[in-house]
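These numbers come from a predicted model, not from an experiment. Remember, it's 1-based here, ligands and their atoms both numbered in the order they're listed. All values below come from the heavy atoms of this structure, side chains included, with hydrogens, waters and symmetry mates left out.
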Amino acid sequence: MVHIFKSAYKIMTGVGAISHLGSEIARLKMNHPLVVTDKMIKKAGLLEEVTVALAGRSYGIFLEVEPEPAFSVVEACKQTFVAGGHDGVIAIGGGSALDTAKATAAYVRYNGALADLIGTDLVPTKGVPLIAIPTTAGTGSEVTNIAILSDNDAKLKKGMVSDHLLPDVAIVSPELSRTTPPAVTAASGIDALVHGIEAYLSVNASPLTDAFALQAIEKIARNLPEAYAKPTNLAAREEMAVASLMAGMAFGNAGVGAVHALAYPLGGRFNMAHGVSNAVLLPYVMRENKVACVDRLAVIAEVLGVKEIGMGASEGADQAISAMERLCDQVHIPSNLREFGIRRADLTAMAEDASKIDRLLKNNPRPLERDTILSIYERAWAGRSV
Ligand SMILES: NC(=O)c1ccc[n+]([C@@H]2O[C@H](COP(=O)([O-])OP(=O)(O)OC[C@H]3O[C@@H](n4cnc5c(N)ncnc54)[C@H](O)[C@@H]3O)[C@@H](O)[C@H]2O)c1
Ligand SMILES: [Fe+2]
């Protein structure tokens with residue numbers, strides 16, 4: 001089987017990587033870029049990291065990104081880009097800012113409606129030059145070919161998926177994540193963990209994505225509790241930033257599966273943060289998947305250090321899933337859907353929506369039909385003790 005591996009054109013990592021921003025702006029010949037971010041990033045003092053590099057140049061700032069951005073945010077960002085006559089995009093922030101920027105960079109080169117570009121391979125040409133600077137660890141959006149947007153009418157999150165979205169430069173400067181609030185550290189960190197796990201279990205996994213996925217899983221399990229409990233611990237932040245990047249490189253090529261598919265309706269209908277919805281569903285989906293990927297789950301157990309010598313694959317797989325649960329507990333993410341105000345009566349419509357997300361379900365180690373998805377939601381709704 002032939003595998004293709006794609007990523008951002010250039011990736012810079014390590015504390016201080018942001019100091020290379022100025023030379024990348026010049027290399028990409030951005031004469032009047034638009035900086036895409038949100039008010040929290042400005043408040044945290046991170047916007048200055050970009051404006052320092054832009055000193056002496058003309059530029060604009062779009063500050064209106066919202067968490068889990070809606071189509072309307074991208075429309076507004078395009079308007080600002082066009083009205084300001086900009087020629088490139090610099091994104092700084094979490095996945096929400098990066099995805100808004102990626103979608104906008106492509107959309108400004110397209111004359112039709114934004115909705116035309118939602119789906120797989122529907123973006124006709126490469127967008128304007130794009131530099132992505134993540135401040136969470138994270139979505140891995142700085143190296144993936146996808147922008148996830150909220151379709152508020154359909155109450156679903158939807159993906160714009162195209163290689164034309166791959167950033168020209170990803171600058172992963174871990175010190176930028178020291179101000180990330182603990183709840184965001186937890187949610188985005190578990191999102192990265194799920195990227196690694198789902199990429200490793202994907203039917204499209206390859207030797208390259210496996211290497212990145214397993215390294216990412218190991219680093220996240222070892223460093224997320226520390227980054228959550230001690231936000232300014234730079235060593236833990238650095239490990240998390242690289243792990244998030246690696247998980248992005250893994251899932252950007254192998255894809256994610258049923259955890260993400262079942263999470264989409266939670267984001268779309270109940271506005272749950274992407275990482276939180278993934279975290280709640282993770283163990284329930286893994287127990288359903290286990291029969292189809294017991295050996296790979298056992299490898300994850302080894303990586304997590306919970307598979308003892310002599311332990312069989314099945315017990316190892318169970319240990320891996322329990323370790324995932326413990327990690328979510330350690331960073332205080334609730335373990336059932338009831339705690340988010342979701343009613344049992346909501347689950348049927350959620351299962352209907354999730355069962356249509358074939359783009360992700362087709363990567364899952366086993367096919368999941370609507371009824372199975374409903375039963376997973378019911379278990380996740382009831383919680384562990386039932
Ligand atoms: N494109 C992809 O490959 C991909 C992958 C996974 C998730 N996503 C999407 O990314 C979004 C979630 O991104 P996220 O988890 O990074 O969160 P986010 O971008 O929504 O940020 C959450 C909040 O944290 C704040 N924040 C972020 N970094 C900070 C910092 N260093 N200091 C202070 N505040 C900070 C933001 O301003 C925001 O208010 C969702 O829409 C999700 O669907 C995209
Ligand atoms: Fe994700």
**Request:** Over 60° means perpendicular and under 30° means parallel, so classify the ring planes of H86 and F81, tilted if in between.
**Result:**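 Tilted: the ring planes of F81 and H86 meet at 30° to 60°.
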
Just checking, any donor-acceptor pair under 3.5 angstrom between side chains of [X] and [Y]?
X	Y	value
K6	T144	no
K290	S314	yes
H274	D191	yes

Kindly give the atom name of the N, O or S atom of [X] closest to the Fe ion (ligand 2).
X	value
D191	OD1
H260	NE2
H274	NE2

**Prompt:** Do the ring centers of F5 and F212 come within less than 6.0 Å of each other?
**Reply:** yes

**Message:** Just to verify, what does Y377 make a ring-ring contact (aromatic ring centres under 6.0 Å, His included) with, not counting sequence neighbours?
**Reply:** none

Check ligand 1 for N or O atoms under 3.5 Å from a protein N or O and list each pair with its distance.
| residue | atom | partner | partner atom | Å |
| --- | --- | --- | --- | --- |
| ligand 1 | 1 (N) | D99 | OD1 | 2.8 |
| ligand 1 | 1 (N) | D99 | OD2 | 3.3 |
| ligand 1 | 1 (N) | S141 | OG | 3.3 |
| ligand 1 | 1 (N) | I146 | O | 2.8 |
| ligand 1 | 3 (O) | T144 | OG1 | 2.7 |
| ligand 1 | 13 (O) | G95 | N | 3.1 |
| ligand 1 | 16 (O) | G95 | N | 2.7 |
| ligand 1 | 16 (O) | T136 | OG1 | 2.7 |
| ligand 1 | 19 (O) | G95 | N | 3.1 |
| ligand 1 | 19 (O) | S96 | N | 3.0 |
| ligand 1 | 19 (O) | S96 | OG | 3.3 |
| ligand 1 | 20 (O) | S96 | OG | 2.6 |
| ligand 1 | 28 (N) | T135 | OG1 | 2.8 |
| ligand 1 | 31 (N) | T135 | O | 3.2 |
| ligand 1 | 31 (N) | L176 | O | 2.9 |
| ligand 1 | 31 (N) | T179 | OG1 | 3.2 |
| ligand 1 | 31 (N) | T180 | OG1 | 3.1 |
| ligand 1 | 32 (N) | T179 | O | 3.2 |
| ligand 1 | 32 (N) | T179 | OG1 | 2.8 |
| ligand 1 | 32 (N) | T180 | N | 3.4 |
| ligand 1 | 37 (O) | D38 | OD1 | 2.8 |
| ligand 1 | 37 (O) | D38 | OD2 | 2.8 |
| ligand 1 | 41 (O) | K157 | NZ | 3.0 |
| ligand 1 | 43 (O) | K157 | NZ | 2.9 |
| ligand 1 | 43 (O) | H274 | ND1 | 3.4 |

**Item:** Distance-minimising heavy-atom pair for A323 and L304
**Value:**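 Nearest heavy atoms, A323 then L304: CB-CD1, 3.9 Å.
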
